[in-house]
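One structure below.
Remember, predicted model here, so these are calculated numbers, not experimental data. Order of the sequence lines sets the chain letters (A, B, ...), proteins ahead of strands, with each chain counted from 1.
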Protein chains: 2
Amino acid sequence: MAEGQTGPGGESLLFLTDDQLRKGIEAMFFAYRGFTADPDRILAEKGYGRAHHRAIHFINRAPGTTVNNLLSILGVTKQSLNRVLRTLIEDGLVESRVGSRDKRERHLYLTETGEALEAELSTAQRARMRGAFRQAGPEAVSGFRQVLEAMMDNDMRRHYARLMDNG
Amino acid sequence: MAEGQTGPGGESLLFLTDDQLRKGIEAMFFAYRGFTADPDRILAEKGYGRAHHRAIHFINRAPGTTVNNLLSILGVTKQSLNRVLRTLIEDGLVESRVGSRDKRERHLYLTETGEALEAELSTAQRARMRGAFRQAGPEAVSGFRQVLEAMMDNDMRRHYARLMDNG
DNA sequence: AGTTTATGTCAGCCTTGTTGACATTCCAAG
DNA sequence: CTTGGAATGTCAACAAGGCTGACATAAACT
């Protein structure tokens with residue numbers, strides 16, 4: 001089904017065949033492994049996991065963010081995040097400051113040590129992304145980001161857009 | 001560092017700034033969540049997880065594949081895969097046939113029930129991919145796949161290429 | 001006959017997701 | 001002002017699905 005149609009306007013829809021879609025799906029699967037491979041190696045050495053990386057990344061992106069905001073970005077339960085945050089705080093990578101306006105809130109910051117790990121992780125991950133971008137070229141990069149953005153759920157796209165504004 | 005250089009040939013390297021790379025990284029993170037969201041919901045209803053989906057997908061792609069081949073594609077340990085395969089076989093979604101040439105090997109096939117679940121999962125996942133492809137357009141899709149392929153590790157790219165040939 | 005290869009299984013550990021129960025803090029309605 | 005609900009964060013316990021290591025079996029290769 002859905003093989004090589006042509007739309008009402010006459011534009012080629014070859015890229016929407018089930019076969020093309022399946023290629024996109026498998027590309028996404030294999031590429032995500034490459035995407036996480038380098039940070040995973042670094043994290044494993046230090047006894048951390050991907051969850052720690054995600055927390056560190058977004059704390060670095062928005063220093064002083066609250067636990068609740070982080071929860072919403074990461075899309076996990078607060079209990080799950082809390083476990084990760086606790087080890088990062090114990091290990092001195094993250095600092096948690098009680099909110100001045102609202103004392104229920106905890107504002108999160110990377111310490112110097114935390115920033116060092118963040119730099120190590122993001123340098124490795126950027127190197128991989130840079131290689132892929134360079135190899136594929138600027139046109140391809142633009143398409144890459146368009147498709148990814150269209151693949152997000154609405155709330156994720158909201159978070160994504162907000163981060164793009166800040167950065 | 002790496003802000004808006006121009007290469008020796010004069011071509012713009014704006015898309016290789018740390019900022020652009022970071023956007024690519026975050027897009028990849030949020031998009032992968034969308035990518036898995038629909039299958040995850042279906043799987044959760046039936047008491048399966050992503051690991052089962054991956055096994056089902058690649059058995060469907062290459063019926064009769066051996067356990068070892070699947071291990072290499074999925075990049076997990078045999079113990080991990082075995083646990084998943086065992087439940088799929090017990091539940092009658094996958095059939096394991098002893099090899100005729102080499103009786104050590106087990107060749108894996110989806111049963112009718114297995115094919116039904118595969119269809120349900122891949123239909124949902126294709127719908128998401130189709131929406132993203134349609135929204136972004138054929139040029140973007142081409143770029144998307146170029147960047148993803150360039151992001152893979154070599155052995156993943158090998159598996160990917162082999163699957164593309166078959167398909 | 002002995003070695004290697006492919007597979008399966010058991011036990012046990014870790015990360016990271018989940019839910020449930022609970023403490024603290026804030027705010028607003030009475 | 002007090003009290004009750006909402007928001008925020010912590011602790012405990014459990015499950016899925018990674019991992020390693022040890023071991024059994026059977027077939028193939030030398």
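Residue B/Asn82 has its side chain nearest to C/dT9 when only C/dT18, C/dT9, C/dT7 are considered. Of the candidate nucleotides C/dT9, C/dT7, C/dT19, C/dT19 has the atom nearest to the side chain of A/Thr77.
Nucleotide C/dT5 holds its C1' atom 10 Å from the CD atom of B/Glu105, rounded to whole Å. Rounded to whole Å, the distance from CG on B/Leu74 to P on C/dT7 is 13 Å. Distance A/Lys78 NZ to C/dA21 P: 13 Å, rounded to the nearest Å. The distance between atom CZ of B/Arg106 and atom P of C/dT5, rounded to the nearest whole Å, is 18 Å. Atom CZ of A/Arg54 and atom C1' of C/dT15 are 11 Å apart (whole Å). What separates CZ of A/Arg86 from P of C/dC14 is a distance of 16 Å, to the nearest Å. Regarding B/Leu81, its CG atom lies at a distance of 16 Å from the P atom of C/dC10, rounded to whole Å. To the nearest angstrom, P of C/dC26 lies 11 Å from CZ of A/Arg101.
When heavy atoms are screened at a 4.0 angstrom cut-off, A/Gly47 is found touching the sugar-phosphate backbone but no base atom. At the heavy-atom level, B/Gly75 lies under 4.0 Å from the strands shown only through sugar-phosphate atoms.
Ion pair A/Arg162/A/Asp165 not flagged as a salt bridge, since none of the NZ, NE, NH1 or NH2 atoms sits closer than 4.0 Å to an Asp/Glu carboxylate oxygen. For the pair A/Asp40 and A/Arg50, the salt-bridge criterion is met [side-chain N within less than 4.0 Å of a carboxylate O]. No salt bridge links A/Asp155 with A/Arg158; every basic N to acidic carboxylate O contact stays at or beyond 4.0 Å. Between A/Asp18 and B/Arg126 there is a salt bridge, with a side-chain nitrogen of the basic residue lying less than 4.0 Å from a carboxylate oxygen of the acidic one.
What you find for B/Asp153 and A/Ala37 is that their closest heavy atoms are OD2-CB, 3.9 Å.
Counting only distance, with no hydrogens or angles, the side chain of B/Arg97 and the backbone of B/His107 share no donor-acceptor pair below 3.5 Å. Of the possible donor and acceptor atoms, one in the side chain of A/Thr87 sits under 3.5 Å from a partner among the backbone N and O of A/Val84.
Side-chain contact check for B/Thr66 and B/Arg106: no donor-acceptor pair (N or O, by modelled atom type) lies under 3.5 Å.
Counting atom types as modelled, B/Arg104 pairs no side-chain N or O with a base atom of C/dT7 as donor and acceptor under 3.5 Å. For A/Arg83 against C/dG17, a side-chain N or O and a base N or O form a donor-acceptor pair under 3.5 Å. Interface remark: the A/Lys103 side chain does not form any donor-acceptor pair with the C/dT25 base, using a distance-only criterion of under 3.5 Å.
On the nucleic acid side, DNA chain D has its first and last nucleotide under 4.0 Å of a heavy atom of chain B at D/dG17 to D/dA28, going 5' to 3'.
Along DNA chain C, the nucleotide closest to A/Tyr48 and the one closest to A/Ser100 are compared, and the more 5′ of them pairs with A/Tyr48. Between A/Gln79 and A/Asp102, the residue anchored nearer the 5' end of DNA chain C, judged by the nucleotide with its closest heavy atom, is A/Gln79.
Here A/His52 reaches the OP1 or OP2 of C/dT16: one of its side-chain N or O atoms lies under 4.0 Å away.
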